[in-house]
2 protein chains.
Amino acid sequence: MRNLKYAILGLVNREPMTGYDIKKAFDSRGLTNFWHAEHSQIYPEMKKLVAEGLVEYETVIRGEKLETKLYRITPAGKKDFHDWLRDDVEIERTYKDVFRLRTFFNESLSQEEYLKLLRSQLMQHRQKRDMLRFYLETDFSTLPRFKTKQMGDYLVLDGAVRRETTYVEWLEHCIDVFENGTPGEPVDLIE
Amino acid sequence: MRNLKYAILGLVNREPMTGYDIKKAFDSRGLTNFWHAEHSQIYPEMKKLVAEGLVEYETVIRGEKLETKLYRITPAGKKDFHDWLRDDVEIERTYKDVFRLRTFFNESLSQEEYLKLLRSQLMQHRQKRDMLRFYLETDFSTLPRFKTKQMGDYLVLDGAVRRETTYVEWLEHCIDVFENGTPGEPVDLIE
DNA sequence: GGCAACTATGTAAATATTTACATGATTGCT
DNA sequence: AGCAATCATGTAAATATTTACATAGTTGCC
């Protein structure tokens, strides 16, 4: 799949970066919502990309003697990245989610135990949703222009807000079902 | 993490199953939306679970001589699974999504090229949403009872419908932005 | 009886990801 | 000057996942 490869190429295509910068990008507000990698995966991948001729680097000294590698995409890298980006692909059959897996098996818990989990998840997802909304409102009070990286940042952040909002609504629905039964549908609350 | 372990334990906890049955469960309408594994991952994991004393099996002959292994959860397996299920956990920081990654980098495509990708994704996600909605309506016209596996099936299917519905809305928003700019926000359409 | 689709189980190899081990420089603060 | 937080880069080992290789029986249909 080489998704990490293209995530990195895309970043380095935006501007020259060190491995550390790439790691920070994967930890950042925007990107971390839909992609992530540890530095132990990044540094070996950088070596691979250099070997493949898709990026090159110059060693830059920071301060007195700290050597850092500033990676830059090559024309071959640009082409490879662009081909990947333009490729029309099938949607993913599975978006893995451990909490949904737990929910699938909730029958093995008492209602109270499962409600406790639901409420904890709800609290966390609400917090995340609010945080993402705040980012969206502060950073993108006006719509960014096309052909800028801000446009990509905006669209995925907007998507993250929608995703979290819906996750919260789903959790609220689960809690509602377990607390009250669904409106209009009388539910047998006794086992 | 051992998520596969617990996914399998959860399934075998519902009822005794063969490795093939487990594979089919991971391919099924409900589960495949939020978890999946290939048989090459399942069979070795079954061996491991047997070695750990969490499941046991009896060999069942199907037809004349086809040997199948029917796995059954042990009391130790039930305990391990139940402990995992009850555990309160942090929400995932990243829900990986390759199309969102592409969107993050859309600046490197022309508007037409990216719109083509958006429309293709939209078509596929609409189709999936409609399919999931159909399953939900046909299988769960009335709310299932608590403490049944149907309740888990219902909740995750409902969650999948919500997730796809929101994905469709997000794609429509992206298309809207690229075709018309956001309502009320005049957008510079010339690069 | 032949054939296709499906049932059934495994291993091997490659790739992807996480967690732990390991080291050292820089910056800003007190 | 000392300290903490951050910058910076790497490897090792374990775990997770995908793709390919490999084999064989069963069921239903024509």
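Note: hydrogens, waters and symmetry copies are ignored here, and every other heavy atom, side chains too, is used. The chains referred to below are lettered A, B, ... by the order of the sequence lines, with proteins before strands, and numbering in each begins at 1.
- A donor-acceptor contact shorter than 3.5 Å links the side chain of A:Trp170 to the backbone of B:Leu155.
- Between the OH atom of B:Tyr43 and the P atom of D:dT23 there is a distance of 17 Å, rounded to whole Å.
- Residue contacts for A:Ser40: at a heavy-atom cut-off of 4.0 Å it reaches a base atom on one of the strands shown.
- B:Arg2 places its CZ atom 15 Å from the C1' atom of C:dT18, with the value rounded to the nearest Å.
- Look at NZ on A:Lys48: it is 14 Å from P on D:dT11, rounded to the nearest Å.
- Listed candidates were C:dG10, C:dT7, D:dT11. Nearest to the side chain of B:Tyr71 is C:dG10.
- Under the 30°/60° scheme for interplanar angles, the aromatic rings of B:Phe81 and A:Phe105 are found to stand perpendicular.
- In this structure the side chain of A:Asn3 never reaches within 4.5 angstrom of the side chain of B:Lys96, judged on heavy atoms.
- Both A:Gly63 and A:Leu4 lie near DNA chain C, and the one whose nearest nucleotide falls closer to the 5' end is A:Leu4.
- The nearest whole Å value for the distance from the CD atom in A:Glu64 to the P atom in D:dA8 is 15 Å.
- Put simply, B:Arg62 has a side-chain N or O that comes within less than 4.0 Å of OP1 or OP2 on C:dA8.
- Here A:Lys69 lies in heavy-atom contact (under 4.0 Å) with sugar-phosphate atoms only.
- Taking the side chain of B:Met1 as heavy atoms from C-beta on, and the options C:dT18, C:dA8, C:dT26, the nearest nucleotide is C:dT18.
- Phosphate proximity of C:dT7 to B:Tyr20: present, with a side-chain N or O under 4.0 Å from OP1 or OP2.
- Listed nucleotides D:dT9, D:dT26, C:dA25 differ in distance to B:Lys65; the shortest reach to its side chain belongs to D:dT26.
- Within 4.0 Å (heavy atoms only), A:Lys96 reaches sugar-phosphate atoms of the nucleic acid but no base atom.
- Nearer the 5' end of DNA chain D, as judged by each residue's closest nucleotide, is the contact made by A:Glu67, out of B:His39 and A:Glu67.
- Looking at the side chain of A:Glu38, the nearest of the listed nucleotides D:dG25, C:dT18, D:dA8 is C:dT18.
- Results of the side chain to side chain contact (heavy atoms under 4.5 Å, CB included) test with A:Glu179 over A:Ile175, A:Asp176, A:Val177 single out A:Ile175 as the only residue that passes.
- Distance B:Asn3 CG to C:dT19 P: 11 Å, rounded to the nearest Å.
- Along DNA chain C, the nucleotide nearest B:Pro44 and the nucleotide nearest B:Asp21 are compared for position; the residue whose nucleotide lies closer to the 5' end is B:Asp21.
- Straight-line distance from the CD atom of A:Glu92 to the P atom of C:dA16: 14 Å, rounded to whole Å.
- Nearest nucleotide to the A:Trp35 side chain, out of D:dT26, C:dT17, C:dA16: C:dT17.
- What separates NZ of A:Lys47 from C1' of D:dT9 is a distance of 10 Å, to the nearest Å.
- In the hydrophobic cluster analysis, where Ile, Leu, Val, Met, Phe, Trp and Tyr join through side-chain heavy atoms closer than 4.5 angstrom, A:Tyr135 is grouped together with A:Leu31.
- In terms of modelled atom types and a separation under 3.5 Å, the side chain of A:Glu56 and the main chain of A:Thr74 share no donor-acceptor contact.
- Looking at which nucleotide of DNA chain D each of B:His36 and A:Gln41 is closest to, the 5′-most match is held by A:Gln41.
- Remark: C1' of C:dT7 and NZ of B:Lys24 are 8 Å apart, rounded to the nearest angstrom.
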